[in-house]
Amino acid sequence: MIARKKAKFRIVPYRPEHEQALLEIERMSPQGFMVKLEVMRDHFLSRAELFEDYAAFVALGPVEKVLAGGIGAQTPMCINGKLQQTGFGFDVLVDPSARNMGIGRDLATCVRKRYFDPKGLKRQFTTLRAGNLTMLHLLSKSYRNTFLYEFLYLTFPTARTLRVENAAIGETLFNTSLFTEDNKLSDYYEVNESGMGLWHTHKLYQLKVKSVNPVLSGGLWLGNRFIRTNKYVPLVGSLLKTTTIYNLTQDNIHTLPEVSLELYQRGINYMQICCQPNDAVYHALQKSALNAFSHYVVSSMELKADESLTLDVRCL
């Protein structure tokens with residue numbers, strides 16, 4: 001039997017002195033393929049602090065070098081009309097020089113054993129881009145079973161006219177909402193007269209275009225499931241400021257063009273809406289979308305494709 005090598009790192013609770021190193025790891029880990037996007041935010045806990053309860057952990061190597069970080073939070077999820085408390089894992093960062101050492105796996109296990117399990121959060125989940133095979137593999141090693149539930153991010157440039165092809169969207173299985181109205185969230189969301197919610201993601205983080213692949217002269221960018229050829233390619237150095245729409249219904253979907261125009265006038269250049277592939281929202285909006293990001297809810301307990309699921313917008 002081959003003995004496992006002693007880990008060259010240890011995992012400790014997050015402390016403020018880890019902050020700058022974690023932001024630097026994030027800067028060194030751009031998102032995307034054809035367009036590289038750098039996350040710009042003020043501090044590592046910017047998303048975590050908007051939940052009612054959370055815990056953050058950091059992996060330290062020799063001479064206390066910060067190698068990785070990850071966060072777990074308690075959040076509601078609504079499945080088939082029943083609200084339940086769940087554990088949400090997110091913002092896992094690993095220094096590129098420290099990958100393939102098992103740090104990400106051990107971080108995920110740490111969040112589960114030291115935070116989710118003691119709080120009795122039996123359903124634990126995260127959201128992942130469909131192409132993130134590394135993280136899917138990591139989770140499969142940290143959990144006995146994982147279950148996938150697919151959804152899409154539709155992205156819309158507010159500088160272009162948005163058209164709603166068919167306002168009769170009917171009931172949809174996948175939805176987003178905000179399950180709390182805590183005072184600390186007041187600067188991040190608004191609800192208009194139609195009941196539609198606007199979650200101002202750009203106040204938490206923005207995306208800076210680090211590089212653009214030269215083959216994008218035709219205009220395809222950002223996603224791994226392209227809807228159509230577009231004539232818009234972001235400029236290197238530009239900032240993508242986004243608002244995420246939630247509480248979208250048959251009664252308010254027709255107001256989206258006005259909402260998009262208002263966001264543009266405020267200097268917010270992108271709007272995103274989550275739906276399922278080929279559902280009524282997708283068919284109503286896909287012709288105006290710049291692209292579609294294919295994502296999964298990865299859950300420790302079974303989520304069936306035909307189940308109704310509503311995620312808290314803070315998890316997007």
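Note that the coordinates shown come from a computational prediction; the quantities given were computed from them, not determined experimentally.
- Among all heavy-atom pairs drawn from Arg129 and His295, the shortest one is N-CD2, 3.5 Å.
- Tyr149 places a side-chain N or O within 3.5 Å of a backbone atom of Glu307 that can act as its donor or acceptor partner.
- Here CG of Asn269 is found 10.5 Å from OG of Ser260. Values are rounded to the nearest 0.5 Å.
- Ser300 contributes a side-chain N or O that, together with a main-chain N or O of Gln124, makes up a donor-acceptor pair within less than 3.5 Å.
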* **Check against side chain to side chain contact (heavy atoms under 4.5 Å, CB included), Phe293 and Cys274** => CA-CA 9 Å; Phe293 295 93; Cys274 290; over 6 Å; no
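- Note: the hydrophobic cluster containing Leu185 also contains Tyr205 (ILVMFWY, side chain heavy atoms under 4.5 Å, direct or indirect links).
- In the displayed structure, Lys113 atom NZ is contacted under 6.0 Å by at most 12 heavy atoms of other residues, nucleotides or ligands.
- Met301 belongs to no hydrophobic cluster with other residues, because no ILVMFWY side-chain heavy atom falls under 4.5 Å from its own, directly or through intermediates.
- Of all the heavy atoms in Ile103 and Ala68, the pair that sits closest is CG2-CB, 3.5 Å.
- Considering only heavy atoms from C-beta on, Leu239 stays 4.5 Å or farther from Leu207 through its side chain.
- For Lys65, there are no salt bridge (charged side-chain N to carboxylate O under 4.0 Å, His left out) partners, not counting sequence neighbours.
- Residues Val313 and Val191 share a single hydrophobic cluster, defined by chaining ILVMFWY side chains whose heavy atoms lie under 4.5 Å apart.
- A distance of 10.0 Å separates OG1 in Thr75 from CG in Leu121, rounded to the nearest 0.5 Å.
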* Asked: Are Tyr246 and Leu316 close enough, and set up right, to give a side chain to side chain contact (heavy atoms under 4.5 Å, CB included), and what steps lead you there?
  -> CA-CA 10 Å; Tyr246 65 96; Leu316 299 174; over 6 Å; no
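- The side-chain heavy atoms of Glu262 and Val259, taken from C-beta on, include no pair separated by under 4.5 Å.
- Residues Tyr264 and Met271 fall into different hydrophobic clusters, defined by Ile, Leu, Val, Met, Phe, Trp and Tyr side chains chained together at heavy-atom separations under 4.5 Å.
- Atom CD of Glu17 sits in a crowded spot, with more than 12 heavy atoms from other residues, nucleotides or ligands closer than 6.0 Å.
- When all heavy atoms of Ala292 and Leu154 are compared, the pair lying nearest together is CB-CD2, 3.8 Å.
- Note: the hydrophobic cluster containing Met28 also contains Val209 (ILVMFWY, side chain heavy atoms under 4.5 Å, direct or indirect links).
- Pairing each heavy atom of Val164 with each of Ile253, the nearest pair is CG2-O, 3.5 Å.
- Environment of CD in Glu171: sparse, with no more than 12 heavy atoms of neighbouring residues, nucleotides or ligands closer than 6.0 Å.
- In the hydrophobic clustering (ILVMFWY side chains linked at under 4.5 Å, chained through shared members), Phe147 stands by itself.
- Residues that satisfy the side chain to side chain contact (heavy atoms under 4.5 Å, CB included) test with Leu60, not counting sequence neighbours, are Arg10, Val12, His18, Val58, Glu64, Val66.
- To the nearest 0.5 Å, the span separating CG on Leu67 from CE on Met101 amounts to 6.0 Å.
- Glu19 contributes a side-chain N or O that, together with a main-chain N or O of Phe44, makes up a donor-acceptor pair within less than 3.5 Å.
- Contact check for Met77 versus Leu311: side-chain heavy atoms found under the 4.5 Å cut-off.
- For the pair Glu49/His43, a side-chain contact is recorded, criterion being any heavy-atom separation below 4.5 Å from C-beta on.
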* **Step-by-step side chain to side chain contact (heavy atoms under 4.5 Å, CB included) determination, Tyr115 to Asp53** => CA-CA 10 Å; Tyr115 180 68; Asp53 194 72; 2.6 Å; yes
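- Closest non-hydrogen pair, Tyr54 versus Ala48, comes out as CD2-O, 3.2 Å.
- Side-chain contact between Phe125 and Leu303: absent, with no pair of heavy atoms (C-beta onward) separated by less than 4.5 Å.
- Checking side-chain atoms of Ser288 against main-chain N and O of Arg163 turns up a donor-acceptor pair under 3.5 Å.
- Between the CZ atom of Arg266 and the NE2 atom of His202 there is a distance of 7.5 Å, given to the nearest 0.5 Å.
- Between the side chain of Asp312 and the main chain of Leu178, no donor-acceptor pair closer than 3.5 Å is present.
- The main-chain N or O of Asn247 is found under 3.5 Å from a side-chain atom of Asn252 such that the two form a donor-acceptor pair.
- The closest side-chain heavy-atom distance from His200 to Glu190 is below 4.5 Å.
- Between Thr158 and Leu261 there is no side-chain heavy-atom pair separated by less than 4.5 Å.
- Met40 and Leu50 are members of different hydrophobic clusters when ILVMFWY side chains are connected at heavy-atom separations under 4.5 Å.
- Asp306 has no carboxylate O lying under 4.0 Å from a charged side-chain N of Lys304, or vice versa, which leaves the two without a salt bridge.
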Extract all donor-acceptor atom pairs below 3.5 Å that involve side chains of residues 88-97 and protein atoms in other chains or at least two apart in sequence.
residue	atom	partner	partner atom	Å
Asp91	OD1	Arg47	NH1	3.3
Asp91	OD2	Arg41	NH1	3.0
Asp91	OD2	Arg41	NH2	3.4
Asp95	OD1	Ser97	N	2.8
Asp95	OD1	Ser97	OG	2.7

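- The shortest distance between side-chain heavy atoms of Ile71 and Val111 does not fall below 4.5 Å.
- Side-chain contact of Thr201 with Thr244: a donor-acceptor pair under 3.5 Å is present, judged by distance alone.
- Looking at His283, its side chain does come within 3.5 Å of a backbone N or O of Asn278 through a donor-acceptor pair.
- The minimum heavy-atom distance linking Thr86 with Pro76 is given by the pair OG1-C, 4.4 Å.
- The stretch residues 172-192 participates, sequence neighbours left out, in these ring pair (Phe, Tyr, Trp, His ring centres under 6.0 Å) pairs: Phe151-Phe174.
- Shown here is Asn100, whose CG atom has no more than 12 heavy atoms of other residues, nucleotides or ligands within 6.0 Å.
- Note that OG1 of Thr243 and NZ of Lys203 are 8.5 Å apart. Values are rounded to the nearest 0.5 Å.
- Distance check, rounded to the nearest 0.5 Å: CD1 of Ile245 to CG of Leu285 gives 10.5 Å.
- With 3.5 Å as the limit, one finds a donor-acceptor pair spanning the side chains of Ser194 and Asn192.
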